[in-house]
Amino acid sequence: MSLKTKVIKGIAGCMLLGYGPFAFTQSEPMKLWPNGAPGAKSNVEHKESYTYDSLGDIRGISKVSEPTLTPFLVEEGKANGAAVVICPGGGYSHLAIKKEGYKVAKWLNSLGISAFVLKYRLPSDIIMEDKTIGPLQDAQEAVRIVRRNADKWHIDTTKIGIMGFSAGGHLASTLSTQYNKKVYSTDGTSARPDFSILVYPVISMMEGITHEGSKKNLLGDAASMALKHAFSNEEQVDRTTPPAFLVHAVDDTAVPDENSALYFTALEKNDIKGEIYFYKDGGHGFGLGTQGTHTQWPVDCEKWLVKEGFIPETEVFLFSYFKGNGEDGLHLAYSTDGYVWEAIQNDTPLLTPQVGKDKLMRDPCIIRGGDGRYHMVWTVSWTDKGIGYASSSDLIHWSEQKFIPVMAHEKGTRNTWAPEITYNPDTNSYMMYWASTIEGKFPETKSKKEDGYNHRMYYTTTENFDDFKETRLLYDPGFNVIDATIQKIGDRFIMFLKDETIEPPQKNIKIAMANALEGPYKQTHGAISGDYWAEGPTVIKVDDTWVVYFDKYIDHKYGAVASNDLKEWKDISDKIVFPEGTRHGTVIKVPRSVLYKLQKVDNDKGK
């Protein structure tokens with residue numbers, strides 16, 4: 001396949017996700033050469049110097065003579081086995097170690113990848129016998145250290161990559177093509193990276209293509225043509241070179257994008273897997289990116305790592321909700337940690353309601369079914385006898401909306417509110433359940449307040465959303481109940497519900513349990529929400545903690561409680577952030593690729 005058909009130019013960027021729920025540990029820097037670097041020369045006047053940012057953090061380092069490797073390890077159980085050694089750029093004269101090192105390490109950690117920031121020696125005749133191979137010695141040893149400690153650090157020895165920015169990209173590509181070059185005595189541990197990630201890399205040492213500063217610092221003022229060829233890595237690619245992901249901005253005036261193009265073409269000639277992305281803006285040195293199309297590259301890089309099998313696809317949390325009275329339709333928000341939520345598509349509706357008496361889309365509940373599709377139900381009206389339904393493969397393109405008259409057979413039905421769906425893999429069917437008031441039923445709990453509503457939970461089952469079993473009573477707890485949602489936890493089914501009692505006021509979240517999805521359910525817990533009116537509970541597991549979100553509808557904000565054992569609950573409302581105006585939502589997990597597509601639509605709308 002030709003370069004032109006593989007390159008993607010000027011694609012729109014989407015928001016870089018936060019660092020996510022992966023816990024990591026930044027260890028102390030470890031000496032790369034405890035007994036002294038090979039070929040090193042002592043010079044006491046050659047001392048490291050630092051530049052600092054406005055926060056007082058080290059931004060850059062120059063005159064590196066004592067190389068180190070700083071591990072950013074993902075904790076056991078969260079690590080996916082992949083690891084990346086990061087080579088910051090800086091023209092072989094300094095290292096942009098914060099922007100192209102530490103920040104990148106934390107991003108990799110968010111993907112479950114353990115990262116290692118390499119503070120490599122900067123080539124200098126003052127401290128090196130042969131400055132052209134000093135950085136390569138450090139890169140080889142860094143990969144070998146990671147492989148030697150793979151068991152201790154929970155790393156798969158077949159998923160160790162090298163990553164480099166600018167001149168660090170030259171070093172990463174040098175290692176990728178010259179990992180077998182004998183530049184010091186070793187124990188035989190392989191220094192071959194399994195993949196490389198090259199971001200606006202210097203590749204070639206040839207005039208008109210190279211970055212002159214990098215070439216001069218590495219090879220000297222009077223480098224021979226043979227030496228230039230030896231370190232022009234597009235010429236060193238062979239069939240053993242690892243696959244590579246390359247990124248460049250076409251408006252890069254420091255390192256021409258031809259560098260990446262030459263390396264990619266060499267990969268293609270040798271049948272090596274690779275992917276290259278040219279972005280229409282960004283210039284040079286954009287790191288993870290702050291604005292413009294180049295901010296898309298971490299997303300594309302993650303997709304590539306997933307596609308090539310180096311990491312599994314991760315999931316994010318997705319929240320479906322309504323605003324106002326539900327007249328404008330479906331809203332979505334996402335979170336990488338379950339605490340801070342950000343609206344998708346600028347908090348505009350993704351789907352507008354078309355069915356029911358009032359054509360509302362309140363209380364939207366979305367699940368992913370056994371068929372891989374997303375199925376959604378919602379409240380269509382205050383006084384209708386049915387609910388709304390639609391499905392989608394990507395949460396962008398939806399089927400025709402359908403009105404399902406689940407309570408049409410009950411003459412005295414006043415409403416069908418807050419429907420939810422639970423998929424039962426044992427029967428390959430779906431249970432839809434909701435709250436309804438039927439005139440004349442359960443008179444012992446009827447109140448004259450709140451217009452006399454007196455709900456119980458009802459349900460039906462279906463395999464295809466076309467044919468439905470007879471509607472039945474699901475739960476009568478002996479009080480006015482609404483807003484139920486069910487989770488299977490272990491061998492039990494846990495129903496989180498709202499006690500809607502008004503005399504005396506309850507208006508809180510309680511729990512009931514059953515041994516089967518269709519019940520019978522028995523209340524096992526008092527109120528788990530606090531001294532406020534709460535409704536619309538939805539539940540997800542964040543790491544080892546169960547989190548129940550709910551609408552504090554009197555206070556016009558969202559709240560949450562958390563528990564590790566489903567018995568003791570702690571209010572964490574002060575730790576969560578939702579888009580302003582969020583009402584009664586449902587949380588699920590989705591692959592990041594689904595979120596990326598939603599964000600791409602958002603970006604396209606903003607063009």
Side-chain angles (χ1 to χ4, degrees), residues 1-11 13 84-89 100 104 107-108 111 113 139 161-179 193-206 209-211 214 231-289 292-308 310-311:
M1 190 178 292
S2 70
L3 176 65
K4 288 184 179 179
T5 60
K6 295 276 283 192
V7 171
I8 300 178
K9 290 197 176 188
I11 67 173
V84 172
V85 174
I86 305 169
C87 305
E100 297 173 351
V104 176
W107 165 67
L108 290 169
L111 305 181
I113 302 171
I162 189 78
M163 181 179 194
F165 296 77
S166 193
H170 183 266
L171 177 55
S173 62
T174 302
L175 177 68
S176 297
T177 55
Q178 302 185 50
Y179 56 85
D194 297 298
F195 59 90
S196 58
I197 301 170
L198 308 176
V199 186
Y200 42 84
V202 178
I203 295 292
S204 182
M205 290 286 114
M206 295 301 170
I209 303 172
T210 191
H211 176 251
S214 298
F231 284 89
S232 291
N233 293 322
E234 76 277 15
E235 299 180 25
Q236 309 307 319
V237 173
D238 62 26
R239 291 182 180 272
T240 69
T241 301
F245 177 90
L246 297 103
V247 174
H248 230 111
V250 296
D251 63 350
D252 190 334
T253 58
V255 178
D257 61 6
E258 188 177 354
N259 282 268
S260 288
L262 288 170
Y263 193 81
F264 180 79
T265 300
L267 292 175
E268 282 198 317
K269 287 180 179 178
N270 285 276
D271 295 322
I272 304 298
K273 291 181 179 179
E275 209 159 279
I276 186 168
Y277 288 81
F278 289 123
Y279 299 104
K280 68 180 181 181
D281 61 18
H284 189 75
F286 47 75
L288 287 175
T293 58
H294 59 278
T295 57
Q296 173 76 17
W297 83 258
V299 173
D300 292 323
C301 183
E302 180 188 353
K303 291 178 183 177
W304 181 77
L305 290 168
V306 170
K307 183 178 70 174
E308 297 303 327
F310 294 114
I311 63 172

Examine distances only and state if a side-chain atom of Asp194 and a backbone atom of Gly161 form a donor-acceptor pair shorter than 3.5 Å.
no
Taken in chain and number order and not counting sequence neighbours, the residues that satisfy side-chain hydrogen bond (donor to acceptor under 3.5 Å, both in side chains) with Ser173 are Asn233
All heavy atoms of Leu198 vs all of Gly169, minimum pair found to be CD2-O, 3.8 Å
Give a yes or no on whether the backbone of Phe231 and the side-chain of His170 come within a donor-acceptor separation of less than 3.5 Å. yes
Residues at least two apart in sequence or cross-chain that pass side-chain hydrogen bond (donor to acceptor under 3.5 Å, both in side chains) with Tyr263, listed by chain then number, are none
To the nearest 0.5 Å, atom CD1 of Ile162 lies from atom CZ of Phe195 at 9.5 Å
Closest non-hydrogen contact found for Met205 with Val202 is CE-CG1, 3.8 Å
- Message: Can you confirm whether Ile209 sits close enough to Asn259 that some side-chain heavy atom of one is under 4.5 Å from a side-chain heavy atom of the other?
- Response: yes
Taking every heavy atom of Gly89 against every heavy atom of Glu100, the minimum-distance pair comes out as N-OE1, 2.8 Å
His248 meets the side-chain hydrogen bond (donor to acceptor under 3.5 Å, both in side chains) criterion, sequence neighbours left out, with Asp252, Ser260
**Asked** Is there a donor-acceptor contact under 3.5 Å from the side chain of Trp297 to the main chain of Leu246?
**Response** no
Applying side-chain contact (heavy atoms from CB on, under 4.5 Å) to Lys303 and not counting sequence neighbours gives Gln296, Val299, Asp300, Tyr596
Could you walk me through whether Val250 and Phe278 pass the side-chain contact (heavy atoms from CB on, under 4.5 Å) check? CA-CA 6 Å; Val250 296; Phe278 289 123; 3.8 Å; yes
Smallest heavy-atom separation, Cys87 atom then Leu171 atom, equals SG-CD2, 4.0 Å
d(Ile197 CD1, Trp304 CH2) to nearest 0.5 Å is 6.5 Å
Next on the checklist: Before you tell me yes or no, could you show the steps for Val104 and Val199 under side-chain contact (heavy atoms from CB on, under 4.5 Å), namely the whole-Å CA-CA distance, both residues' side-chain angles and the distance that decides it to 0.1 Å?
Outcome noted: CA-CA 12 Å; Val104 176; Val199 186; over 6 Å; no
In this structure, CG of Leu262 is separated from OG of Ser204 (nearest 0.5 Å) by 6.5 Å
* To do: Dump the intermediate steps for side-chain contact (heavy atoms from CB on, under 4.5 Å) on Thr253 and His284, then the final yes or no.
  => CA-CA 7 Å; Thr253 58; His284 189 75; over 6 Å; no
Between the NZ atom in Lys273 and the CZ atom in Phe245, the distance rounded to the nearest 0.5 Å is 15.5 Å
Residues passing the side-chain contact (heavy atoms from CB on, under 4.5 Å) test with Glu235, sequence neighbours excluded, are Met206, His229, Ser232
Across all chains, not counting sequence neighbours, the side-chain hydrogen bond (donor to acceptor under 3.5 Å, both in side chains) partners of Ser196 are none
Taken to the nearest 0.5 Å, the spacing of Tyr279 OH from Tyr200 OH works out to 13.0 Å
* To do: State whether the side chain of Asn270 and the backbone N or O of Ile272 hold a donor-acceptor pair below 3.5 Å, judged by distance alone.
  => no
Heavy-atom closest pair (Asp281 atom, Ala249 atom, distance to 0.1 Å) is O-CB, 3.4 Å
One should read off an interatomic distance between Ile276 CD1 and Asp257 CG, to the nearest 0.5 angstrom, of 8.0 Å
**Derivation of the side-chain contact (heavy atoms from CB on, under 4.5 Å) call for Val247 and Cys301** = CA-CA 9 Å; Val247 174; Cys301 183; over 6 Å; no
